[in-house]
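Here the structure comes first, spelled out in structure tokens, and everything after it is commentary.
If you read the sequence from its start, that first residue is 1, and numbering goes on from there.
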Amino acid sequence: MAIEVRIPTILRSYTGGAKVVDGTGDTLADLLADLDSRHGGLRGRLITDAGTLHRFVNVYVNDEDVRFLGALDAKLSDGDSVTILPAVAGGAFGFAAAAAISSHSAAAAAISSHSISSQSAAAAVARGAVAAR
């Protein structure tokens, strides 16, 4: 039984840089054990000490989230495609986006209340765009 597994960039050091690897197993847990036997340490990055998927790791079987398929007990079949994705949140980009939105919102509010001229409004929007960079 061959199952294609897509590996995210952050975990490719465990697969020798491979973006896609093949594995076998009747369940996701079996597949991860198989992968770990050939790519040591990979399973430890995905599974907690309590034996559950880390909450910051998303795993999909044929584009279906395994959390809705039984998590580690999710059944697998020959030809399935498994995708591992780390959850992404926060960071500098999140703060820049929030600043841009708040700047844009302030400029839009000023324009809609007609409290500033259109020339001043354009300058306010431009400042917001610069602040977001």
Side-chain angles (χ1 to χ4, degrees):
M1 172 191 315
I3 299 167
E4 177 184 87
V5 182
R6 293 186 196 110
I7 306 295
T9 304
I10 197 165
L11 296 177
R12 290 183 189 157
S13 61
Y14 295 95
T15 62
K19 296 177 182 182
V20 177
V21 296
D22 287 328
T24 61
D26 293 327
T27 65
L28 181 60
D30 295 340
L31 173 67
L32 294 179
D34 177 61
L35 291 177
D36 199 56
S37 71
R38 290 180 280 132
H39 307 287
L42 183 60
R43 184 180 183 281
R45 301 293 295 163
L46 306 172
I47 307 296
T48 67
D49 292 338
T52 61
L53 281 172
H54 277 291
R55 64 185 179 102
F56 57 83
V57 174
N58 298 309
V59 180
Y60 299 89
V61 174
N62 302 325
D63 299 325
E64 294 288 328
D65 190 330
V66 297
R67 288 179 172 89
F68 301 107
L69 299 175
L72 292 173
D73 294 327
K75 300 293 182 198
L76 300 175
S77 300
D78 189 33
D80 279 349
S81 177
V82 173
T83 303
I84 301 168
L85 292 175
V88 179
F93 179 75
F95 290 117
I101 290 168
S102 66
S103 295
H104 177 71
S105 298
I111 291 167
S112 67
S113 68
H114 304 290
S115 63
I116 59 176
S117 70
S118 60
Q119 189 175 25
S120 297
V125 170
R127 280 194 307 274
V130 171
R133 289 185 191 164

Calculate, to the nearest 0.5 Å, the distance between atoms [atom1] and [atom2] belonging to [X] and [Y] respectively.
{"X": "L32", "Y": "L72", "atom1": "CG", "atom2": "CG", "answer": "6.5 Å"}
{"X": "I84", "Y": "L42", "atom1": "CD1", "atom2": "CG", "answer": "5.5 Å"}
{"X": "D73", "Y": "D26", "atom1": "CG", "atom2": "CG", "answer": "12.0 Å"}
{"X": "D22", "Y": "I3", "atom1": "CG", "atom2": "CD1", "answer": "9.5 Å"}
{"X": "L69", "Y": "N62", "atom1": "CG", "atom2": "CG", "answer": "9.0 Å"}
{"X": "S81", "Y": "L76", "atom1": "OG", "atom2": "CG", "answer": "10.5 Å"}

Listing, residues 45-53 side-chain donor-acceptor contacts under 3.5 Å, not counting sequence neighbours, or none:
from : atom 1 : to  : atom 2 : distance (Å)
T48  : OG1    : A50 : N      : 3.2
T48  : OG1    : G51 : N      : 3.3
T48  : OG1    : T52 : N      : 3.2
T48  : OG1    : T52 : O      : 3.2
T48  : OG1    : T52 : OG1    : 3.0

Nearest heavy atoms of [X] and [Y], plus distance in Å:
{"X": "A18", "Y": "R12", "result": "O-CG, 3.5 Å"}
{"X": "T27", "Y": "K75", "result": "CG2-NZ, 4.0 Å"}
{"X": "G25", "Y": "D30", "result": "CA-CB, 3.7 Å"}
{"X": "D34", "Y": "G23", "result": "OD2-CA, 3.3 Å"}
{"X": "V20", "Y": "E4", "result": "CG1-CG, 3.3 Å"}

Task: Sub-4.5 Å side-chain heavy-atom contact between V82 and V66 - done: no
Open item on the list: Connecting only ILVMFWY residues whose side-chain heavy atoms lie within less than 4.5 Å of each other, what is the rest of L85's hydrophobic cluster?
Closed with: Y60
Task: Side-chain donor/acceptor of D36 to backbone N/O of G41, under 3.5 Å - done: yes
